[in-house]
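For clarity, every value in this text was computed on a predicted model and none was experimentally measured.
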Amino acid sequence: MAGILITDDEEDIRDALQMVLESVGYNVKVASNGNEALELQRGEPADLIITDIIMPGKDGVKIIKEIREEFPGIKIIAISGGVGVQPVEYV
């Protein structure tokens, strides 16, 4: 079954997504920040990346840009629970 990499700075979100996806047979790796996610993806590439957008340090948009450069065909799902965050235009 496909491998999935989850990147989120909130442990509860990572754990919940991992539990649900593993329960249906996916191989799941988790990262708590962008640098860790890039390191995991470079070591053993996942087929799908689920990343939070709003994280301290390297945010999800930076992660997506870097991963797209190295892994152009990768599928990515961006998520966010950023309540109270002002909209920002990402290009």
Side-chain angles (χ1 to χ4, degrees):
M1 178 128 332
I4 299 174
L5 172 59
I6 298 167
T7 307
D8 200 302
D9 59 320
E10 294 186 40
E11 184 177 6
D12 291 344
I13 301 297
R14 288 192 314 268
D15 290 348
L17 288 170
Q18 182 177 17
M19 182 180 67
V20 169
L21 293 167
E22 285 181 343
S23 75
V24 292
Y26 289 100
N27 176 23
V28 179
K29 295 181 286 183
V30 295
S32 61
N33 61 61
N35 290 327
E36 185 180 352
L38 288 166
E39 184 178 314
L40 286 170
Q41 182 64 10
R42 289 173 182 143
E44 187 178 333
D47 302 297
L48 171 69
I49 295 174
I50 300 173
T51 184
D52 187 13
I53 291 294
I54 302 168
M55 293 185 289
K58 189 176 291 197
D59 68 24
V61 173
K62 291 178 184 170
I63 296 167
I64 291 169
K65 286 180 180 179
E66 288 186 38
I67 286 179
R68 286 269 186 234
E69 288 175 10
E70 292 185 47
F71 305 90
I74 189 80
K75 293 180 179 15
I76 300 173
I77 297 173
I79 60 174
S80 180
V83 177
V85 175
Q86 297 297 316
V88 176
E89 182 178 332
Y90 293 109
V91 180

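In this structure, Glu44 and Asn27 have side chains that are in contact, with non-hydrogen atoms separated by less than 4.5 Å. Residues Arg68 and Ile74 meet the side-chain proximity criterion, which asks for heavy atoms closer than 4.5 Å. Counting heavy atoms from C-beta on, the side chains of Thr51 and Ile67 never come closer than 4.5 Å. Considering only heavy atoms from C-beta on, Ile53 comes within 4.5 Å of Val61 through its side chain. Here the side chains of Asp8 and Ser32 are not in contact, with every heavy-atom distance at 4.5 Å or above. Taking 4.5 Å as the limit, every side-chain heavy atom of Gln41 sits out of range of all side-chain heavy atoms of Glu70.
The neighbour count for Glu39 CD, taken as heavy atoms of other residues, nucleotides or ligands under 6.0 Å away, does not exceed 12.
With rounding to the nearest 0.5 angstrom, the CG atom of Asn35 is 4.5 Å from the NZ atom of Lys58. Of the inter-residue distances, the one linking Leu38 atom CG with Thr7 atom OG1 reads 8.0 Å to the nearest 0.5 angstrom. Atom-to-atom distance recorded for Glu10:CD and Leu17:CG is 11.0 Å, nearest 0.5 angstrom. In this structure, the separation between NZ on Lys75 and CD1 on Ile4 is 12.5 Å, given to the nearest 0.5 Å. To the nearest 0.5 Å, the span separating CD on Glu66 from CZ on Arg42 amounts to 6.5 Å. Residue Met55 holds its CE atom at 7.5 Å from CG of Asn33, rounded to the nearest 0.5 Å.
In the hydrophobic clustering of this structure, Ile50 does not group with Met19; members are Ile, Leu, Val, Met, Phe, Trp, Tyr whose side-chain heavy atoms approach within less than 4.5 Å, directly or through other members. A continuous path of Ile, Leu, Val, Met, Phe, Trp and Tyr side chains, each step under 4.5 Å between heavy atoms, connects Ile77 with Val28, placing both in one hydrophobic cluster.
Scanning both residues, Leu40 and Lys29, for their nearest heavy atoms gives O-NZ, 3.6 Å. When all heavy atoms of Gly3 and Ala46 are compared, the closest pair comes out as O-CB, 3.5 Å. Taking each heavy atom of Phe71 and Pro45 in turn, the nearest pair found is CE2-CG, 3.8 Å. Nearest heavy atom pair, residue Ile64 against residue Ala78, reads CD1-CB, 4.2 Å. Minimum interatomic distance between Val30 and Glu36 (heavy atoms only, all atoms of both residues): O-OE2, 3.7 Å. Considering every non-hydrogen atom in both Ser80 and Asp52, the closest pair reads CA-OD1, 3.5 Å.
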